[in-house]
Amino acid sequence: QVRLVESGGGLVQAGGSLRLSCAASGIIFSINAMGWYRQAPGKQRELVADITVGSTTNYSDSVKGRFTISRDNAKNTVYLQMNSLKLEDTAVYYCNGGLQRPGNYWGQGTQVTVSS
């Protein structure tokens, strides 16, 4: 079965940058779209950005112009470059993949904390 593993989270000052990675392994033929979702304490999980195998992208309005999603199909990896980070970006970020948006497969999450 499919496994999604995130990495790259951490602590960063407001205005700084982080790059998240998500590597997919296992039986991955069913992965069409991959994306990033996030969940802050007390809030529901929300879309950050996603990307199809054809590189069509979709972004939440809150991150447009600051975050960039990309994928390396040969490496079965999706990335999220996060620039100009804000306090409100603090959340656990989850990789997602599957045939739909959101897909059926989720990573374990990686913590992103933005400090002042």
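Not measured: the values here are computed from a predicted model.
- Rounding to the nearest 0.5 angstrom, the gap separating the OG1 atom in T52 from the CG atom in N58 is 10.5 Å.
- Closest heavy-atom contact between C95 and M34: SG-CE, 3.9 Å.
- Looking at R19, its side chain never comes within 3.5 Å of a backbone N or O of G8 through a donor-acceptor pair.
- When every heavy atom of R71 is checked against every heavy atom of N32, the shortest pair comes out as NH1-O, 2.9 Å.
- Contact detail for C22 and L4: the closest heavy-atom pair is SG-CB, 3.9 Å.
- For the ring-ring contact (aromatic ring centres under 6.0 Å, His included) test, residues two or more places apart in sequence or in another chain that qualify with Y37 are W106.
- For the pair S115 and L11, the minimum side-chain heavy-atom distance is below 4.5 Å.
- Not one N or O on the side chain of D50 forms a donor-acceptor pair closer than 3.5 Å with the backbone of P102.
- For E88, the CD atom is densely surrounded, since the number of other residues' heavy atoms within 6.0 Å is greater than 12.
- Minimum heavy-atom separation, S84 to R66: O-NH1, 3.0 Å.
- Minimum heavy-atom separation, Q111 to A91: NE2-O, 3.4 Å.
- For V114, the side chain to side chain contact (heavy atoms under 4.5 Å, CB included) partners at least two apart in sequence or on another chain are V12, A14, L85, L87, D89, T90, V112.
- Put simply, CZ on F67 and OG1 on T57 are 14.5 Å apart, with the number rounded to the nearest 0.5 Å.
- Follow the hydrophobic side-chain contacts under 4.5 Å out from Y94 and you never reach L80; the two are in separate clusters.
- Y93 pairs with exactly one of M82, E6, Q39 by the side chain to side chain contact (heavy atoms under 4.5 Å, CB included) rule, that one being M82.
- One N or O on the side chain of N96 and one on the backbone of Y105 form a donor-acceptor pair closer than 3.5 Å.
- Y59 contributes a side-chain N or O that, together with a main-chain N or O of I69, makes up a donor-acceptor pair within less than 3.5 Å.
- There is no path of hydrophobic side-chain contacts, each under 4.5 Å, that joins V92 to Y79.
- Residues S62 and R38 form a side-chain contact, since some pair of their non-hydrogen atoms from C-beta on lies under 4.5 Å apart.
- Between R101 and T56 the shortest heavy-atom distance is NH2-O, 4.0 Å.
- A 4.5 Å side-chain heavy-atom check between N83 and S17 finds at least one atom pair inside the cut-off.
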